[in-house]
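Below, chain A is the first sequence line, B the second, and so on; all start at residue 1.
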Amino acid sequence: MYFSKLLGKTLREVPAEADSISHQLLVRAGFIQQLATGVYSYLPLGWRTLTRIARIVREEMDRVGGQELQLPALQPLELWQQSGRFDAFGKILFTLKDRKEHDLVLGPTHEEVITDTVRRSVQSYRDLPVLPYQIQVKFRDEPRPRGGLLRVREFIMKDLYSFDADEAGLDVSYDKMVNAYQNIYRRCGIEAMMVEADSGAIGGKTSHEFMIIAETGEDEIICCEKCGSASNIEKAKSAKTKAKTDPQKSVEEIATPGMKSIEEVAAFVGVPPGQTIKAVFYIADGEFIFVVIRGDLPVNEVKLKNLLKAADLRLATEAEVSAAGIVAGFASPVGVKSIKVVADDSIMLGTNFIAGANKPHTHLKNVNYPRDFKVDLMADIALARAGDACVKCGASLKSLRGIEAGHIFKLGIFLSEKFGAYFLDRDGASRPMVMGCYGIGIGRLLAAVVEQQHDDKGIIWPVSIAPYHVHLCTLYPDKNKVAETAEPFYQELWDRNIEVLYDDRDAAPGVKFNDADLIGLPLRLTISPRTLEKQGVELKWRSEKQSRLVPLNGVVEEVVKALQSRR
RNA sequence: CGGGGUGUAGCGCAGUCUGGUAGCGCACCUGAAUGGGGUUCAGGGGGCCGACGGUUCAAAUCCGUCCACCCCGACCA
């Protein structure tokens with residue numbers, strides 16, 4: 001490709017809207033262009049890179065028995081009502097009507113469609129397992145797209161679905177995918193950390209995410225360096241310390257004028273925050289929820305949402321709190337009736353807590369569970385934090401930030417049952433297929449690579465996914481037969497299957513080198529009057545500082561070998 | 001959806017407070033010089049000033065409505 005004809009200009013200035021490094025670099029280097037909020041065009045360089053990543057993904061899927069197909073993006077809304085996930089996805093779904101006023105959705109994922117597809121052609125255990133997958137565009141009306149390609153509303157995803165005869169089969173399929181995923185990240189030149197995750201709207205129990213560690217990552221990972229366990233903070237558990245445990249004393253009221261926060265009350269009474277009980281109020285699918293947790297712990301809203309099986313969870317407003325008859329700042333579950341009370345199990349680790357008295361400027365001493373109040377649900381709903389103790393080995397937990405570049409789920413049978421995806425087993429019994437699903441955002445992975453592989457000059461592509469292998473630069477092309485030398489050389493490289501971007505412009509050396517560094521192709525070759533005087537070509541890796549001169553007549557062989565060694 | 005902000009040339013911005021008919025840098029075109037890390041000089045093209053409505057002799061500028069986009073929070077590949 002001639003640089004002078006390449007669609008997509010490099011920009012000297014950073015576009016105003018670009019915040020993350022990958023967004024800035026991909027826009028400046030001419031890989032992508034925004035059309036609307038969370039909607040991007042891939043320009044030629046970006047698209048070539050995307051197809052390179054997709055090829056690696058295909059190879060790894062095919063290697064473990066995946067079979068590629070293509071499912072419609074346009075889907076009947078009824079399918080989503082049938083699965084029961086219409087409400088779980090909510091406003092994320094793009095919906096539209098056709099000319100006959102039928103409701104349609106633009107597919108955010110394809111469990112519904114694939115289950116319906118597989119149901120029609122699989123009737124026997126002999127057909128299982130099947131691992132269909134596709135690489136296709138998805139639509140999600142995200143509340144807030146951001147970070148360029150990191151979080152968009154229209155995106156290209158690889159989604160594979162596994163259908164097995166039983167749980168043991170699912171485990172085998174799941175492990176295959178874990179393996180394939182690790183190969184994919186490695187081949188793209190980045191490291192991914194596999195962490196336990198919440199399954200969210202997709203459903204199912206077990207799920208893992210593959211995180212690319214990066215400062216700008218949206219997710220927080222809680223991990224233990226000692227035993228290696230790692231979880232998304234949404235899922236993470238930590239060992240809760242025991243609060244002081246004395247024989248239970250009787251409840252007394254104490255005046256706490258103006259002391260609303262846990263810190264104020266604890267300091268006023270002279271106890272640590274862990275010796276208090278905190279009340280937090282939520283609205284779950286419209287129902288008022290009274291949450292009780294020990295004063296030193298924050299609530300994990302994802303855990304709470306899962307416990308309540310709620311599609312929508314938010315903090316209650318002040319108005320809603322007072323409408324429920326609660327004295328904000330001085331509330332406790334003691335004496336509360338006709339409101340659902342959910343407690344974190346930390347309130348059992350200790351005795352004689354300080355809690356609100358449910359009247360202004362007053363708290364209670366020596367509150368004990370279950371002696372003084374009842375709860376409707378009790379579970380772990382606390383947020384784990386860095387510095388807490390690991391539940392497995394007791395070491396101090398660390399916190400990292402990451403980009404979610406893959407997410408896999410053990411779905412089980414809930415969708416198979418809803419869609420009638422049954423098969424006959426060896427004994428002639430009809431059983432639901434056991435499902436798993438496995439997603440990788442291809443565009444997000446591309447951005448994640450840039451987040452991890454760049455320097456202050458630009459992107460540094462690994463050979464495996466670079467849009468071209470070689471950046472051929474001529475300096476002073478109209479002098480000393482520079483262009484005449486470069487042209488056949490360019491053709492010869494293509495003949496040897498080396499993909500070349502040829503900067504044929506008559507621009508200053510600095511301009512060309514800066515563009516080369518920005519775009520980040522692995523190997524740069526420079527031909528100039530100076531190199532031709534010595535009958536050579538300058539060869540420089542993007543990832544290295546030093547360049548070297550290679551004799552003209554041996555350079556093609558040299559390049560072929562060099563690229564092979566780094567593939 | 002709540003809070004904050006911005007819309008002026010392909011990109012980055014000034015001009016808006018104080019109304020008088022649009023400007024700078026980059027990019028682009030022409031020419032010349034230079035010659036290995038965004039070089040210099042000269043000339044040039046390009047604007048429905050987000051949209052609609054209002055005030056005014058006159059609106060990028062004042063008022064209203066709407067739209068788009070960005071940032072901070074709740075969702076996810």
**Fill in**
Here the distance between atom P of B/C76 and atom CD of A/Glu218, to the nearest Å, is 12 Å
**Message:** Using a 4.0 Å cut-off on heavy atoms, which residues in residues 61-68 of chain A reach RNA chain B? List them by number, or say none.
**Reply:** none
**Asked** Is the A/Tyr490 ring parallel, tilted or perpendicular to the A/Tyr502 ring (thresholds 30°, 60°)?
**Response** tilted
**Message:** Any side-chain to backbone donor/acceptor pair from A/Gln136 onto A/Leu71? Under 3.5 Å, distance only.
**Reply:** yes
**Prompt:** Short question: side chain of A/His471, backbone of A/Thr526 - any donor-acceptor pair under 3.5 Å?
**Reply:** no
**Fill in**
The Watson-Crick or G-U wobble partner of B/G25, with both key distances under 3.5 Å, is B/C11
**Message:** Can you see whether A/Tyr468 has A/Arg48 sitting over its ring - NZ or CZ less than 6.0 Å from the centre and within 45° of the normal?
**Reply:** yes
**Request:** Return the orientation label for the A/Tyr185 and A/Tyr181 ring planes: parallel under 30°, perpendicular over 60°, tilted otherwise.
**Result:** perpendicular
**Request:** Between B/C1 and B/G45, how far apart are the C1' atoms? Round to whole Å, please.
**Result:** 46 Å
**Item:** Rounded distance in Å - CD1 (A/Ile408) to P (B/C76)
**Value:** 17 Å
**Message:** Atom CD of residue position A/Glu544 - does it have more than 12 heavy atoms of other residues, nucleotides or ligands inside 6.0 Å?
**Reply:** yes
**Prompt:** Which nucleotide, in any strand shown, forms a Watson-Crick or G-U wobble pair with B/A74, with both distances under 3.5 Å?
**Reply:** none
**Message:** Strictly distance-based, threshold 3.5 Å: is any side-chain N or O of A/Arg187 a donor or acceptor partner for the main-chain N or O of A/Ser464?
**Reply:** no
**Complete:** In Watson-Crick or G-U wobble terms, with both distances under 3.5 Å, the base opposite B/G19 is none
**Message:** Return the pairing partner of B/C69 with a 3.5 Å limit on both distances, Watson-Crick or G-U wobble; otherwise return none.
**Reply:** B/G5
**Closest non-hydrogen atom pair between A/Ile212 and A/Ala405, with its separation** = CG1-CB, 3.6 Å
**Spacing of the C1' atoms in B/C67 and B/G23 (rounded, Å)** = 27 Å
**Asked** With both distances kept under 3.5 Å, what pairs with B/C49, Watson-Crick or G-U wobble?
**Response** none
**Watson-Crick/G-U partner (both atom distances under 3.5 Å) of B/U55** = none
**Request:** Provide the closest heavy-atom pair for A/His469 versus A/Leu521 in the form atom of the first, atom of the second, distance.
**Result:** O-CB, 4.2 Å
**Asked** What orientation do A/Phe94 and A/Phe139 show, parallel under 30°, tilted 30 to 60°, or perpendicular over 60°?
**Response** perpendicular
**Request:** Give me the ring orientation class for A/Tyr438 and A/Tyr174: parallel if the planes are under 30° apart, tilted from 30 to 60°, perpendicular past 60°.
**Result:** tilted
**Prompt:** Looking for any heavy atom pair under 4.0 Å, which part of the strands does A/Val39 touch: base, sugar-phosphate only, or nothing?
**Reply:** nothing
**Whole-Å P distance, B/C62 and B/G3** = 24 Å
**Complete:** The Watson-Crick or G-U wobble partner of B/U61, with both key distances under 3.5 Å, is none
**Message:** With rounding to the nearest 0.5 angstrom, report the CZ to CG distance, A/Arg530 to A/Asn480.
**Reply:** 12.5 Å
**Asked** Given the P atoms of B/G54 and B/G46, what is the spacing between them in whole Å?
**Response** 31 Å
**Prompt:** What is the distance from CD1 of A/Ile403 to P of B/C76, rounded to the nearest Å?
**Reply:** 18 Å
**Message:** Within the 4.0 Å limit for protein heavy atoms, which parts of nucleotides 66-74 of chain B are touched? Write it as a string from 5' to 3', B for base, S for sugar-phosphate only, - for none.
**Reply:** ---SSSBBB
**Message:** What's the gap between B/C11 and B/G47 when it is taken at their C1' atoms, as a whole Å value?
**Reply:** 15 Å
**d(CG, A/Asp141; C1', B/C1) in whole Å** = 12 Å
**Asked** How far, in whole Å, is B/G36 from B/A22 if one measures between their P atoms?
**Response** 44 Å
**Request:** Take atom CE of A/Met211 and atom C1' of B/C76, then tell me their distance rounded to the nearest Å.
**Result:** 10 Å
**Asked** Counting distance only, does the side-chain N/O of A/Lys303 pair as donor-acceptor with the main-chain N or O of A/Ala236 below 3.5 Å?
**Response** yes
**Asked** Could you state the CD-C1' distance from A/Glu234 to B/A77, rounded to the nearest angstrom?
**Response** 13 Å
**Between C1' of B/C76 and CD1 of A/Ile233, the distance in whole Å** = 16 Å
**For B/G38, the Watson-Crick or wobble partner whose two distances fall under 3.5 Å** = none
**Message:** Taking the P atom in each of B/G12 and B/C69, what is the distance between them to the nearest angstrom?
**Reply:** 15 Å
**Request:** Give a yes or no on whether the backbone of A/Asp503 and the side-chain of A/Thr474 come within a donor-acceptor separation of less than 3.5 Å.
**Result:** yes
**Message:** Rounding to an integer number of angstrom, what distance separates B/A9 and B/G15 when you compare their C1' atoms?
**Reply:** 15 Å
**Message:** Each nucleotide in nucleotides 26-45 of chain B should get exactly one letter: B, S or -. Can you fill that in based on protein heavy atoms under 4.0 Å?
**Reply:** SSS------BBBBB------
**Message:** Base, sugar-phosphate or nothing for A/Phe409? Non-hydrogen atoms, less than 4.0 Å.
**Reply:** sugar-phosphate
